[in-house]
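As structure tokens, the structure follows; a few thoughts come after it.
In what follows, every heavy atom counts, from backbone to side chain, and hydrogens, waters and symmetry copies are set aside.
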Amino acid sequence: MTDNAVKGPAGYFPSIEKKYGRPIAEWKGIIRSSPLTKHMELVGWLKSEHGLGHGHANALVAHTLAEGSAK
């Protein structure tokens, strides 16, 4: 039996969209538009400026930075 559940940071995406009312693509755009570049700086910024919880902010930043912030 295989487990098709999404693992890692992306596993948080459905609850992030539901709780904060924005699609993940929009959150990634917000992160990419920030002048901040360090993981924990971005997490702190999302928490203080956008009201995200630590786990949700951390998941979004980790996934976005793994994709590469400059496209």
Side-chain angles (χ1 to χ4, degrees):
M1 183 170 174
T2 59
D3 183 4
N4 292 330
V6 176
K7 305 257 191 241
Y12 286 96
F13 289 177
S15 61
I16 291 170
E17 289 179 333
K18 183 178 180 181
K19 183 168 184 170
Y20 304 106
R22 292 182 179 192
I24 296 305
E26 187 174 335
W27 285 114
K28 289 182 176 190
I30 290 169
I31 291 167
R32 288 186 184 108
S33 69
S34 170
L36 303 172
T37 58
K38 294 184 179 175
H39 182 98
M40 290 310 296
E41 289 176 343
L42 286 161
V43 169
W45 175 71
L46 286 173
K47 290 167 62 176
S48 65
E49 295 297 318
H50 296 281
L52 272 70
H54 182 82
H56 288 161
N58 191 54
L60 282 168
V61 171
H63 199 271
T64 304
L65 293 181
E67 290 180 337
S69 56
K71 294 215 172 189

Do Glu17 and Glu26 pass the side-chain contact (heavy atoms from CB on, under 4.5 Å) test, and can you show the C-alpha distance, the side-chain angles, and the key distance before you say yes or no?
-> CA-CA 10 Å; Glu17 289 179 333; Glu26 187 174 335; over 6 Å; no
Ring pair (Phe, Tyr, Trp, His ring centres under 6.0 Å) assessment of Trp27 paired with His56 | CA-CA 11 Å; Trp27 285 114; His56 288 161; 9.8 Å; no
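Between Ile31 and Trp45, the shortest heavy-atom contact is CA-CZ3, 4.4 Å. In this structure, Asn58 and Val43 approach most closely via the heavy-atom pair CA-CG2, 3.7 Å. Residues Ala57 and Lys47 approach most closely at CB-CG, 4.1 Å, considering heavy atoms. Taking both residues in full, the closest heavy atoms of Ala59 and Tyr12 are given as CB-CD1, 3.5 Å, listed atom of the first, atom of the second, then distance. Taking each heavy atom of Pro9 and His63 in turn, the nearest pair found is CB-CB, 4.1 Å. Residue Leu60 comes nearest to Phe13 through the heavy atom pair CD2-CE2, 4.0 Å, listed as atom of the first residue, atom of the second, then distance.
Using modelled atom types, no side-chain atom of Thr64 and backbone atom of Val61 make a donor-acceptor pair closer than 3.5 Å. Side chain of Ser33 to main chain of Ile30: a donor-acceptor pair is present (N/O by atom type, distance under 3.5 Å, no hydrogens or angles).
Atom NE2 of His50 is separated from atom OG of Ser34 by 8.0 Å, given to the nearest 0.5 angstrom. Going from atom CZ of Arg32 over to atom OG1 of Thr37 covers 14.5 Å, rounded to the nearest 0.5 Å.
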